[in-house]
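Data first, discussion second: the structure below is written as structure tokens.
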Amino acid sequence: MRYSPIILFVYNRPIHTQKTLEALSQNTLAQDSELFIFADGPKENATSDQLEKIELTRKIAHSKQWCKEVTIIESEINKGLATSIISGVTDIIDKYGTAIVLEDDIVTGRFFLEFMNESLSKYKDNKDVMHITGWRDPVKRAKNDSCFFYPTMDCWSWATWKDRWQYFKKDALYYKSIFTKKMIYDFNIEGSDPGMWCQIEQNIEGKINTWAIFWYASIFLRNGLCLAPTKSLCKNIGFDNSGVHCGANESQEIRESIDYKVKNFPSKIKTDRKEFIKNKKFLKYVKYNRKFSIKRLIKSFIPKKLKTKIKSYLSKKNTL
């Protein structure tokens, strides 16, 4: 049996890259798999420190035989994450028919590759299934040996097939022209995460240049389903403000073990409403925590003397 190729995108985070590759190499199918590492190049105004980190990241990629076969593609210029992923995934998936995709801050559990490969094989002929992920938000009361279908796309470790990836379309204006209010509500995970559609708008405005939201939109337009484990098979170690698109986020840190096997697959190919509702509740919880954190952060910047004056003013006002 030929296992799906793995694609890893790296840039200038040597420590994260090291941890990601070490974990990947410990996977049960690592020594039966082919790994392609795409290393992005420096920006025109890169500092000496940034150049050193890029070089060190590449040295780490070359330092071991992480999988059965390792091919490293080093770019001389900076393509940016979105362009790197779109072109890299397209090149590999056109050749091999499937791909398992990681970024440099995704640490995988030992049985991650088993789940991804088994899922790619199991659902290869069912076009309703468009995406597989090893990620699951840390929701409560989740079983650790099952997986489920839902209409949302998670990109912190994922896989797909060539005949699904062909529908990928990165065109924010196109989506804005056809999405109705009802579609936007559903796209925002039934209103629980307005940040989804906001990403489309920000791409139009030039504030960000991303790829994942367009893959989600491509899946959404075809009523596609995504397969995910009930408990995460990977951890995102990029919640340290070291990345371009991922900042601090304690709410989504995975603290439990990710070394377990998924043994039970859904009997029906349809959205699992119970698991989907868990996701919605979790997203609302994260949204609330972020608002609280921002308020607390702003409050921490208020000088002590000003705080005293505000308290004094409020106490006088309450006595009037």
Next item on the list: Please list, chain by chain and in numerical order, all residues satisfying ring-ring contact (aromatic ring centres under 6.0 Å, His included) with Phe9, sequence neighbours excluded.
Entry: Phe38
Check: Taking the side chain from Asp137 and the backbone from Val139, do they hold a donor-acceptor pair closer than 3.5 Å?
Finding: no
Check: So, Asp154 side chain and Trp156 main chain: donor-acceptor pair closer than 3.5 Å or not?
Finding: no
Check: Who passes side-chain contact (heavy atoms from CB on, under 4.5 Å) against Thr57, sequence neighbours left out?
Finding: Val10, Pro14, Thr17
Next item on the list: Using salt bridge (charged side-chain N to carboxylate O under 4.0 Å, His left out) as the criterion, list what pairs up with Lys79, not counting sequence neighbours.
Entry: none
Next item on the list: Please list, chain by chain and in numerical order, all residues satisfying side chain to side chain donor-acceptor pair (under 3.5 Å) with Lys274, sequence neighbours excluded.
Entry: none
Notebook entry, point to check: Do Leu8 and Thr20 come within less than 4.5 Å of each other through their side chains, counting heavy atoms only?
Noted result: yes
Check: So is Lys122 actually on top of Phe265's ring, under 6.0 Å and inside 45° of the axis?
Finding: yes
Checklist line | Polar side-chain atom of Ser192 near backbone of Lys284 as donor-acceptor pair, under 3.5 Å | finding: no
Item checked: Distance (rounded to the nearest 0.5 Å) between Met183 CE and Asn188 CG -> 12.0 Å
Next item on the list: Identify which one of Arg13, Lys235, Lys19 satisfies the salt bridge (charged side-chain N to carboxylate O under 4.0 Å, His left out) criterion when paired with Asp105.
Entry: Arg13
Margin query: I'd like to know if the side chain of Asn203 reaches the main chain of Gln199, judged simply by a donor and an acceptor atom lying under 3.5 Å from each other, with no hydrogens or angles considered.
Written below: yes
Notebook entry, point to check: Among all residues two or more places apart in sequence or in another chain, which pass the salt bridge (charged side-chain N to carboxylate O under 4.0 Å, His left out) test with Lys280?
Noted result: Glu190
Notebook entry, point to check: With sequence neighbours excluded, what pairs up with Ser48 under the side-chain contact (heavy atoms from CB on, under 4.5 Å) test?
Noted result: none
Next item on the list: May I have all residue pairs that pass ring pair (Phe, Tyr, Trp, His ring centres under 6.0 Å) and include part of residues 53-107, sequence neighbours excluded?
Entry: Phe36-Tyr96
Notebook entry, point to check: What residues, two or more places apart in sequence or in another chain, satisfy salt bridge (charged side-chain N to carboxylate O under 4.0 Å, His left out) together with Glu76?
Noted result: none
Notebook entry, point to check: Is Lys169 positioned over the aromatic face of Tyr174, cation under 6.0 angstrom from the ring centre and no more than 45 degrees off axis?
Noted result: yes
Margin query: Would Gln65 and Val70 count as a side-chain contact (heavy atoms from CB on, under 4.5 Å) here? Give the steps.
Written below: CA-CA 7 Å; Gln65 188 74 20; Val70 180; 4.2 Å; yes
Item checked: Heavy-atom side-chain proximity of Ile189 to Met196 below 4.5 angstrom -> yes
Check: When rounded to the nearest 0.5 angstrom, what distance separates CG in Leu21 from OG1 in Thr108?
Finding: 9.5 Å
Next item on the list: Check step by step if side-chain contact (heavy atoms from CB on, under 4.5 Å) holds for Leu221 and Tyr167.
Entry: CA-CA 10 Å; Leu221 283 183; Tyr167 298 112; over 6 Å; no
Note to self: With a 6.0 Å cut-off on the ring centroids, do Tyr216 and Phe187 count as close?
What the structure shows: yes
Margin query: Side chains of Leu35 and Thr71, heavy atoms from C-beta outward: is any pair under 4.5 Å?
Written below: no
Checklist line | Donor-acceptor side-chain pairing of Asn264 and Asp145 below 3.5 angstrom | finding: yes
Next item on the list: Is it possible for you to say whether Ile258 and Leu24 belong to one hydrophobic cluster, with membership spreading through side-chain heavy-atom contacts below 4.5 Å?
Entry: yes
Margin query: Could you tell me if the side chain of Pro266 sits less than 4.5 Å from the side chain of Cys147, heavy atoms only?
Written below: yes
Notebook entry, point to check: Do Phe168 and Ile86 come close enough that some side-chain heavy atom pair is under 4.5 Å?
Noted result: yes
Item checked: Atom pair CD/CD of Glu69 and Glu34 - distance to nearest 0.5 Å -> 4.5 Å
Next item on the list: Report yes if the side chains of Phe148 and Thr271 come closer than 4.5 Å at any heavy-atom pair, otherwise no.
Entry: no
Notebook entry, point to check: Would you find a donor on one side and an acceptor on the other, under 3.5 Å apart, between the side chain of Ser75 and the backbone of Ile77?
Noted result: yes
Checklist line | Ring geometry between His131 and Trp158 (parallel below 30°, tilted from 30 to 60°, perpendicular above 60°) | finding: parallel
Checklist line | Other residues, nucleotides, ligands: >12 heavy atoms within 6.0 Å of Glu256 CD | finding: no
Check: Is the side chain of Ser251 donor-acceptor paired with the backbone N or O of Val286 at a distance under 3.5 Å, no angle test?
Finding: no
Next item on the list: With sequence neighbours excluded, tell me which residues meet side chain to side chain donor-acceptor pair (under 3.5 Å) with Arg136.
Entry: Glu275, Asn279
Margin query: Checking Lys170 against Asn209 for the side-chain hydrogen bond (donor to acceptor under 3.5 Å, both in side chains) test, could you report, in this order, the C-alpha distance in whole Å, the side-chain angles of both residues, the deciding distance, and whether it holds?
Written below: CA-CA 10 Å; Lys170 188 179 188 295; Asn209 177 27; 2.9 Å; yes
Checklist line | Mutual orientation of the aromatic rings belonging to Phe220 and Phe179 [parallel < 30°, tilted 30-60°, perpendicular > 60°] | finding: parallel
Check: Considering only heavy atoms from C-beta outward, does the side chain of Val262 approach that of Glu118 to under 4.5 Å?
Finding: no
Checklist line | Polar side chain donor-acceptor pair, Glu22 to Gln26, under 3.5 angstrom | finding: no
Check: Looking at residues at least two apart in the chain, or sitting in another chain, which of them share a salt bridge (charged side-chain N to carboxylate O under 4.0 Å, His left out) with Glu201?
Finding: Lys176
Check: side chain to side chain donor-acceptor pair (under 3.5 Å) with Trp165: which residues, sequence neighbours excluded?
Finding: Thr90
Check: So, are Glu253 and Arg255 salt-bridged, with charged N and O less than 4.0 Å apart?
Finding: yes
Next item on the list: Decide yes or no for Glu74 and Ile37: does some side-chain heavy atom of the first lie under 4.5 Å from some side-chain heavy atom of the second?
Entry: no
Next item on the list: Decide, yes or no, whether a salt bridge links Asp91 with Lys95 under the criterion of side-chain N to carboxylate O below 4.0 Å.
Entry: no
Notebook entry, point to check: Donor-acceptor pair, Asn78 side chain versus Gly41 backbone, under 3.5 Å?
Noted result: yes
Notebook entry, point to check: Which value, rounded to the nearest 0.5 Å, describes the distance between Cys226 atom SG and Asp128 atom CG?
Noted result: 11.5 Å
Margin query: Quick one about Tyr150 and Thr133 (side-chain donor to acceptor, distance below 3.5 Å, no hydrogens or angles considered), yes or no?
Written below: no
Checklist line | Pairwise distance OH(Tyr3) to CG(Leu29) - rounded to 0.5 angstrom | finding: 5.0 Å
Notebook entry, point to check: Taking Ser257 for the side chain and Asp259 for the main chain, is one N or O donor matched with an acceptor at less than 3.5 Å?
Noted result: yes
Next item on the list: Decide side-chain contact (heavy atoms from CB on, under 4.5 Å) for Phe149 and Asp272; before the verdict, give the C-alpha distance in whole Å, the side-chain angles of both, and the deciding distance to 0.1 Å.
Entry: CA-CA 6 Å; Phe149 289 113; Asp272 185 323; 5.8 Å; no
Item checked: Between SG on residue Cys67 and CG on residue Asn27, distance to nearest 0.5 Å -> 8.0 Å
Notebook entry, point to check: Should Ile213 and Ile219 be regarded as members of a common hydrophobic cluster, given that ILVMFWY residues are connected when their side-chain heavy atoms come within less than 4.5 Å of each other, either directly or indirectly?
Noted result: yes
Margin query: The criterion is side-chain contact (heavy atoms from CB on, under 4.5 Å); which residues satisfy it with Ser4, sequence neighbours excluded?
Written below: Thr98, Ile100, Asn117, Leu120
Check: Can you tell me if NZ on Lys53 sees more than 12 non-hydrogen neighbours from other groups inside 6.0 Å?
Finding: no
